[in-house]
Number of protein chains: 2
Amino acid sequence: MPEKKRERRDPELRRAEILKAALACFAERGFAATRMEDVAARAGIAKGTVYLHFPDKERLFIELVSGIASPILGEVGGMIQNETIPARTVVSMFYSLFKREVLETERRHMLRLILAEGPMFPVVTEFYHREIITKGLAILRVVLGRAAARGELRNPAVAEVPQLVMAPALMTVVWATLFEGYEHLDAQKLLDTFLNTIFVPEGGAK
Amino acid sequence: MPEKKRERRDPELRRAEILKAALACFAERGFAATRMEDVAARAGIAKGTVYLHFPDKERLFIELVSGIASPILGEVGGMIQNETIPARTVVSMFYSLFKREVLETERRHMLRLILAEGPMFPVVTEFYHREIITKGLAILRVVLGRAAARGELRNPAVAEVPQLVMAPALMTVVWATLFEGYEHLDAQKLLDTFLNTIFVPEGGAK
DNA sequence: TGTTAATGACTGTCCAGTCAGTCATATTGA
DNA sequence: TCAATATGACTGACTGGACAGTCATTAACA
């Protein structure tokens, strides 16, 4: 049996290839059901090679889910510097970024993986809470606080429970990864409807 | 080595005990990481005994998640027969039931398990979509449709995306099972705030 | 005494992680 | 320019442990 042709690579590149393959495998079958050989095969290399780049399966997983800390927060966080931008615009931008950068990419599976495997990897959950959730909520509190003060919110109490604004985004990901195959959900419509519900109608004009 | 004392049981009862033990184990560690011996030990029996009641691990899991089809839908479904009840009351009742019967019981873990392991068990996902999601959304469509017609909704378009009403409930479960240990979320407040946001204020009195 | 629930040692399989050996490429020196 | 040599990325057969599922034996009850 002839050995497959060997191909040398820039380690940096190899690493990225392995991570990409791992994302596909973990997203498809979860942590436990993914075999290191699957990841290797998908990356077009032998099993041993994976271990030249990652010490073990758990670390491969953790590196993967930690590396997704997307630039979304940075962009939205930057927007709130400008106090004149209406809160609705900021939240709408957040949803758009979320849709384009997470929901419509492979990253949506990562989010499901964190929900799914989180309790098995407290390190990951803690990282996400600290780096993503806390920061995201802080930004939302600022934005919604201003909106409440300006009368942009139909119900000012929303500013006290920013998790409520994240709920529709969470729903779109859960639906997309579980039920989309059985019944379509228009994520854009869901998010837009929510925006139209929490914010007072613009201008009252037409 | 003395064998542990054997205790005979009504098969019906044994079955229930095993399911209870399995729920605790699966909720704690997920499907893959749960050993059949763990389930047996937790139920106070030997491993072989589990196999007298369930053919294999997968079937045990499926029976478990399928058997949670709670009476919530029945109760709420019954309420919509009476057209005079305000939509807000119906949705509020739905949230209360959800909170008492799912969020504050072991079942909250079942919900997380379905999110987590769903893609590995299409049978389970399909069952949930067909038996729970579809029926729940149908009820919500009726209730929200009426509400829109009566002017009870701040934004009538909500009636077209009933998933939006499920989103806050989903958020409370996800938060409770992942982040509650790091940061408390007042589920009641979140749900109440949402109700106050989508429904027009009552009477305008006070 | 016969019937059946219950037991737990056992078996076969699967897979994470290892490591001795291989080969593509780079470097050296003529 | 072209061997000769060195380097380390890459390979995949192998090992050790874990665990799902089995079944011969044992104990409980009628």
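Letters A, B, ... are given to chains in the order of the sequence lines, protein chains preceding strands, and every chain is numbered from 1. Note that these values count all heavy atoms, side chains included, but never hydrogens, waters or copies made by symmetry.
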Report yes if at least one side-chain N or O of [X] is closer than 4.0 Å to OP1 or OP2 of [N]; otherwise report no.
| X | N | result |
| --- | --- | --- |
| A/T49 | D/dA9 | no |
| B/H53 | C/dA6 | yes |
| A/R14 | D/dC10 | yes |

### Message
I want to verify a distance call: between D/dG12, C/dG17, C/dT7, whose nearest atom is closest to the A/Y51 side chain?
### Response
C/dG17
For [X] and [N], give me the distance from atom [atom1] to atom [atom2], rounded to whole Å.
| X | N | atom1 | atom2 | result |
| --- | --- | --- | --- | --- |
| B/R9 | C/dT7 | CZ | C1' | 16 Å |
| B/L13 | C/dA6 | CG | P | 11 Å |
| A/L52 | D/dG12 | CG | P | 13 Å |

### Task
With sequence neighbours excluded, tell me which residues meet ring pair (Phe, Tyr, Trp, His ring centres under 6.0 Å) with A/H129.
B/F179, B/Y182
### Message
Going by the rule ring pair (Phe, Tyr, Trp, His ring centres under 6.0 Å), which residues pair with A/F127 if we only count those two or more places apart in sequence or in a different chain?
### Response
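So A/F127 forms no ring pair (Phe, Tyr, Trp, His ring centres under 6.0 Å) with any residue.
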Less than 3.5 Å apart, which donor and acceptor atoms pair up between the side chains of residues 71-86 of chain B and the rest of the protein, not counting sequence neighbours?
| unit_1 | atom_1 | unit_2 | atom_2 | d |
| --- | --- | --- | --- | --- |
| B/N82 | OD1 | B/T84 | N | 2.9 |
| B/N82 | OD1 | B/T84 | OG1 | 2.5 |

### Message
Run the side chain to side chain contact (heavy atoms under 4.5 Å, CB included) test on B/Q163 and B/L137 for me, step by step, so that the C-alpha distance in whole Å, both residues' side-chain angles and the decisive distance to 0.1 Å come before the verdict.
### Response
CA-CA 7 Å; B/Q163 285 92 344; B/L137 290 179; 3.6 Å; yes
#### Entry: Polar side-chain contact B/R8-D/dA28 base: donor and acceptor under 3.5 Å
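A donor-acceptor contact between them is present.
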### Task
Nearest-nucleotide wise, let me know which of B/E58 and A/G48 is further upstream toward the 5' end of DNA chain D.
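Per heavy-atom nearest nucleotide, the more 5' residue is A/G48.
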Distances under 3.5 Å only, N/O to N/O: pair up the protein atoms with those of nucleotides 13-15 of chain C.
| unit_1 | atom_1 | unit_2 | atom_2 | d |
| --- | --- | --- | --- | --- |
| C/dC15 | OP2 | A/R35 | NE | 3.1 |

Contacts table for residues 109-117 of chain A: side-chain donor-acceptor under 3.5 angstrom, sequence neighbours left out:
| unit_1 | atom_1 | unit_2 | atom_2 | d |
| --- | --- | --- | --- | --- |
| A/R112 | NE | B/L115 | O | 3.3 |
| A/R112 | NH2 | B/A116 | O | 3.3 |
| A/E117 | OE2 | A/F31 | N | 2.9 |

Show me, pair by pair, the donor-acceptor contacts under 3.5 angstrom made by side chains of residues 187-195 of chain A, not counting sequence neighbours?
| unit_1 | atom_1 | unit_2 | atom_2 | d |
| --- | --- | --- | --- | --- |
| A/Q188 | OE1 | A/K99 | NZ | 3.1 |
| A/Q188 | NE2 | A/D192 | OD1 | 3.2 |
| A/Q188 | NE2 | A/D192 | OD2 | 3.4 |
| A/K189 | NZ | B/E160 | OE1 | 3.1 |
| A/T193 | OG1 | A/K189 | O | 2.6 |

